[in-house]
Structure formats: C-alpha cells, structure tokens
Amino acid sequence: MAGILITGGTGTLGKKLCQLLDAQKTSYIIGTRKECNDPAKVTMDLIQNTGVREAVAGKELIFHLATDMKKDTEATQNLLKALGGQSKVHLVYISIAGIEDIPFSYYRQKLASENAIKQSGIPYTIVRATQFHEFAHSIITNLLRYRIGILPKKIVLQTIDVSLVAKELVNVSQKTPENKIYELGGAEILKLGQMAAIWLKVTGKRRWILNIPIPGKLGKALRNGALTTRYRKKESSGFQQWLENYLQIAE
Ligand SMILES: NC(=O)c1ccc[n+]([C@@H]2O[C@H](COP(=O)([O-])OP(=O)(O)OC[C@H]3O[C@@H](n4cnc5c(N)ncnc54)[C@H](OP(=O)(O)O)[C@@H]3O)[C@@H](O)[C@H]2O)c1
C-alpha cells in the first residue's frame with residue numbers, strides 16, 4: 001500500500017509494528033518530534049501542531065499510536081484537522097480496554113480521542129488493548145525501588161505481549177475500514193500483587209510490600225476487572241515468561 005504514516009513509531013508499540021511491516025517489506029514513514037535526516041522519518045509534533053500536514057500528505061493509511069498523557073485528545077484533534085475529513089484515508093487508532101469505566105484523566109482523553117475520530121468522517125478502525133507487559137514491569141519496578149514498597153495489590157490486570165497488539169493493528173489495517181472498535185487482551189488475568197510476586201521471583205529482589213487499597217468506585221472497578229476484556233489472545237506470553245525473556249534481552 002502506498003503512503004503509510006506511523007505516529008508514535010518510535011514508542012514501545014510502534015517499534016513492534018515497524019518490525020512487522022519490515023518483515024512484510026512494507027514501507028512506511030515514522031512521525032517523530034526529533035529532528036532527523038532519516039528518509040524513513042518525518043519531523044512532526046502533534047501538540048505544537050508542526051509538520052503534521054506535511055506528514056499526512058499523500059498517506060492512505062495512518063497508524064496513530066503517538067500519545068501524550070496530558071494532551072492526548074489535542075494531539076488527535078490536530079491530526080484530524082490536518083487530514084481535513086479525507087475519506088480516502090484509513091485511520092487506525094490504538095486505544096485502551098475499559099476506558100469507559102475508569103475515570104483516570106488519561107482514559108478520559110483516550111475516550112475523547114476515540115469520539116473525535118468517530119465524528120471526523122474519516123474511515124477508521126479503533127483497537128482497544130489491555131496494558132502491555134512493559135507497563136506492568138515499569139509500574140512494579142518504580143513502586144518497588146526501595147526495600148519497602150507500596151502497591152495496590154488487588155488491581156486486576158490482563159497484560160499482553162505487545163507484538164500481538166502490533167499484529168492486530170496490521171490485520172485490521174488490511175481490511176476495508178468499517179468504523180469499528182476491536183478489543184484484545186492477554187492470556188492471563190492476575191492481580192498486581194501476584195505480578196509483583198512474579199517480578200520478585202524473576203529479578204531475585206527482596207522487598208516488603210504493603211498493600212495500598214484504592215478507595216471508592218474507582219478501586220471497586222479496578223478490583224472487579226474493569227481493565228480486562230473477554231477478547232483474550234491465548235497465544236500471548238504470560239507475565240513471567242515475558243519478564244524472563246525481557247530481562248535476558250536487556251542483560
Ligand atoms: N502502554 C500500554 O500498556 C498501553 C496499553 C494499551 C494501549 N496503549 C496505547 O498505545 C499507544 C502507544 O503506547 P506506547 O506505550 O507504545 O507509547 P510510548 O512508548 O510512550 O511512545 C509514545 C510515542 O508517542 C510519540 N509522541 C509523544 N508526544 C508526541 C507529540 N507531541 N507529537 C508526535 N509524537 C509524539 C513519541 O514519539 P517521539 O518521542 O519520537 O516524538 C513516542 O513514539 C498509546 O496511544 C497508548 O495509549 C498503551
């Protein structure tokens with residue numbers, strides 16, 4: 001296909017998507033904020049709103065993976081404005097499973113981005129994924145950096161191997177856009193406390209872990225699995241297997 005742009009192609013998910021497209025010998029351009037002379041990259045900033053029109057010009061398929069924790073909706077709206085309601089583009093947007101039920105400000109932004117896409121008139125596919133294994137690893141590493149750590153142990157997660165999310169993006173991009181939302185999640189559902197126990201076992205670290213309960217409706221939703229999905233990818237590696245591989249690669 002001619003003209004593919006990947007916003008966020010330098011990120012965790014973006015890198016996996018690029019690997020898959022490389023394996024298929026499909027060419028693409030990555031949008032990044034960094035100035036570079038690489039012909040496979042274009043400099044654009046979705047918040048500063050610079051280089052966006054140039055980046056989208058002539059593209060037929062746009063994977064929109066770039067994210068800004070505070071201004072995700074603004075970034076998406078700037079992308080949509082640059083596209084100007086073109087009906088010949090397929091916009092593939094990555095979102096998060098369960099965003100309707102969790103009142104995090106980032107999730108509200110993602111939901112508003114989804115709504116802006118739906119109302120734009122641009123043919124789209126939205127893929128909602130559960131958290132990536134990398135995300136859980138980074139949260140646990142951060143919260144357990146000292147000998148005594150605090151963790152909301154009862155939060156339920158269904159983390160997924162990010163390559164499967166990238167594969168899903170490729171799959172949906174090859175279909176005619178039907179303005180649909182797809183969802184996918186990992187093979188196992190674990191409490192954050194169980195994931196932390198796996199993390200301690202694999203890293204060989206020793207920590208005292210205190211539970212911090214998250215109160216109210218938010219806590220209840222997180223404990224009751226609002227971040228999980230029934231669209232489970234059985235082939236996803238579990239957290240332990242992923243972490244063992246990841247740490248071997250990182251060594
Ligand atoms: N992490 C998870 O567990 C998870 C789960 C489900 C869905 N998602 C969604 O998946 C997407 C990718 O997540 P990720 O974890 O791969 O993200 P990431 O590693 O944090 O990468 C973020 C990307 O956004 C780009 N970016 C940030 N601000 C930008 C701006 N102003 N203009 C243009 N590009 C900008 C960065 O590119 P440069 O630095 O090169 O400019 C980078 O490539 C996000 O939309 C996220 O909501 C994530």
Side-chain angles (χ1 to χ4, degrees), residues 5-20 28-36 38 40-56 62-82 91-100 102 104-114 116-117 124-142 155 157-169 172 181-186 192 195 226-229 231 233 236 239 242 246:
L5 172 70
I6 308 176
T7 78
T10 56
T12 306
L13 175 59
K15 284 181 193 155
K16 291 285 175 193
L17 175 62
C18 292
Q19 283 170 13
L20 287 184
Y28 54 85
I29 298 281
I30 290 175
T32 171
R33 288 166 297 179
K34 295 172 194 90
E35 292 289 337
C36 51
D38 185 345
K41 290 187 177 153
V42 58
T43 305
M44 60 179 278
D45 190 317
L46 287 163
I47 300 298
Q48 301 301 318
N49 207 5
T50 51
V52 188
R53 267 179 211 284
E54 295 80 352
V56 301
I62 297 178
F63 291 100
H64 178 34
L65 321 181
T67 193
D68 180 294
M69 294 294 284
K70 293 199 177 127
K71 296 182 175 176
D72 199 86
T73 314
E74 192 178 325
T76 302
Q77 280 166 340
N78 284 334
L79 179 70
L80 294 172
K81 265 185 230 147
L91 179 60
V92 176
Y93 177 61
I94 179 73
S95 189
I96 305 174
I99 48 174
E100 278 122 337
I102 304 284
F104 289 153
S105 71
Y106 180 53
Y107 287 9
R108 290 206 182 104
Q109 297 256 346
K110 295 291 289 184
L111 200 54
S113 292
E114 283 188 6
I117 290 169
Y124 67 86
T125 307
I126 294 171
V127 174
R128 287 182 175 180
T130 56
Q131 285 63 43
F132 311 154
H133 291 315
E134 283 84 347
F135 172 81
H137 172 50
S138 127
I139 295 270
I140 296 169
T141 306
N142 190 26
I155 288 184
L157 292 175
Q158 189 181 353
T159 57
I160 186 167
D161 184 336
V162 71
S163 355
L164 293 176
V165 181
K167 200 168 161 190
E168 183 78 357
L169 295 177
V172 301
I181 300 185
Y182 293 88
E183 206 166 282
L184 78 163
L192 192 54
M195 299 181 87
L227 292 174
T228 63
T229 172
Y231 300 101
K233 284 276 173 195
S236 175
F239 183 60
W242 174 83
Y246 179 81

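Counting convention: from 1, in listed order, for ligands and their atoms alike.
Near Gln131, meaning under 4.0 Å from one of its heavy atoms, ligand 1 places the atoms 3 (O), 5 (C). Listed by number with element, the atoms of ligand 1 under 4.0 angstrom from any heavy atom of Ser95 are 6 (C), 7 (C). For ligand 1, the atoms lying closer than 4.0 Å to a non-hydrogen atom of Thr32 are 38 (P), 40 (O), 41 (O). Set against the non-hydrogen atoms of Ala129, the atoms of ligand 1 under 4.0 Å away are 6 (C). The distance from ligand 1 to the heavy atoms of Phe135 drops below 4.0 Å at these ligand atoms: 3 (O). Each of the atoms 6 (C), 7 (C), 47 (O) of ligand 1 lies under 4.0 Å from some heavy atom of Ile96. Which parts of ligand 1 touch Lys34 is read off a 4.0 Å heavy-atom cut-off, strictly below it: atoms 38 (P), 39 (O), 40 (O).
Contact of the Ile96 side chain with the Gln131 side chain is registered, since non-hydrogen atoms from C-beta on lie closer than 4.5 Å. Side chains of Leu13 and Leu169 form a contact here, defined as non-hydrogen atoms less than 4.5 Å apart. Residues Val165 and Lys16 have side chains not in contact (no heavy-atom distance under 4.5 Å, counting atoms from C-beta outward).
Heavy-atom distances between Tyr106 and ligand 1 reach below 4.0 Å in at least one pair. Heavy-atom separations between Leu65 and ligand 1 include at least one value shorter than 4.0 Å. Note on ligand 1: Val165 sits outside its first shell, no heavy atom being nearer than 4.0 Å. Within the 4.0 Å heavy-atom cutoff, Asp45 counts among the residues contacting ligand 1.
Looking only at heavy atoms of the protein, atom 23 (C) of ligand 1 is closest to Gly8 CA, 3.8 Å. Annotation: atom 27 (C) of ligand 1 to nearest protein heavy atom, Thr67 O, 3.1 Å. Atom 9 (C) of ligand 1 has Ile94 CG1, 3.8 Å as its closest protein atom, hydrogens excluded (heavy atom only). Of all protein heavy atoms, the one closest to atom 34 (N) of ligand 1 is Ala66 CB, 3.5 Å. The protein atom (non-hydrogen) at minimum distance from atom 38 (P) of ligand 1 is Thr10 OG1, 3.4 Å. Of the protein's heavy atoms, Arg33 NH2, 2.7 Å lies nearest to atom 39 (O) of ligand 1. Of the protein's heavy atoms, Thr12 N, 2.9 Å lies nearest to atom 19 (O) of ligand 1.
At least one N/O-N/O distance between Gly11 and ligand 1 falls below 3.5 Å. An N or O contact shorter than 3.5 Å links Leu13 to ligand 1 by distance. Polar contact check, Phe132 against ligand 1: a nitrogen or oxygen pair lies under 3.5 Å apart. Residue Leu46 has at least one N or O atom closer than 3.5 Å to an N or O atom of ligand 1. On a distance-only criterion, Asp68 and ligand 1 share no N/O pair closer than 3.5 Å.
Rounding to the nearest 0.5 Å places OG1 of Thr73 at 9.5 Å from CG of Asp68. Between the OG1 atom in Thr12 and the CG atom in Leu65 there is a gap of 10.5 Å [rounded to 0.5 Å].
There is a side-chain donor-acceptor pair under 3.5 Å between Thr67 and Asp72. Glu114 and Ser95 share a side-chain donor-acceptor pair at under 3.5 Å. In this structure, a donor-acceptor pair under 3.5 Å is present between the side chains of Glu183 and Thr229.
Contacts with ligand 1 closer than 4.0 Å are made by side-chain heavy atoms of Lys110 only, the backbone lying farther away. Contacts of Thr130 with ligand 1, taken as heavy-atom pairs under 4.0 Å, involve the backbone alone.
Enclosure of atom OH in Tyr231 is not indicated, since only 12 or fewer non-hydrogen atoms of other residues, nucleotides or ligands lie within 6.0 angstrom.
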**Q.** Residues Asn78, Ile47; criterion side-chain contact (heavy atoms from CB on, under 4.5 Å); working and verdict
**A.** CA-CA 7 Å; Asn78 284 334; Ile47 300 298; 5.6 Å; no
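Taking every heavy atom of both residues into account, Leu79 and Ile62 meet most closely at CD2-CG2, 4.4 Å. Heavy-atom minimum distance, Thr43 versus Lys34: OG1-O, 3.1 Å.
Salt bridge Arg128/Glu100: present, at least one basic N to carboxylate O contact under 4.0 Å.
Ring geometry, His137 versus Tyr246: the interplanar angle exceeds 60°, so the pair is classed perpendicular (tilted spans 30 to 60°). Relative ring orientation between Phe104 and Tyr107 is described as perpendicular, the plane-to-plane angle rising above 60° on a 0-90° scale split at 30° and 60°.
Under the 4.0 Å distance rule, the nearest protein heavy atom to atom 16 (O) of ligand 1 falls inside the cut-off.
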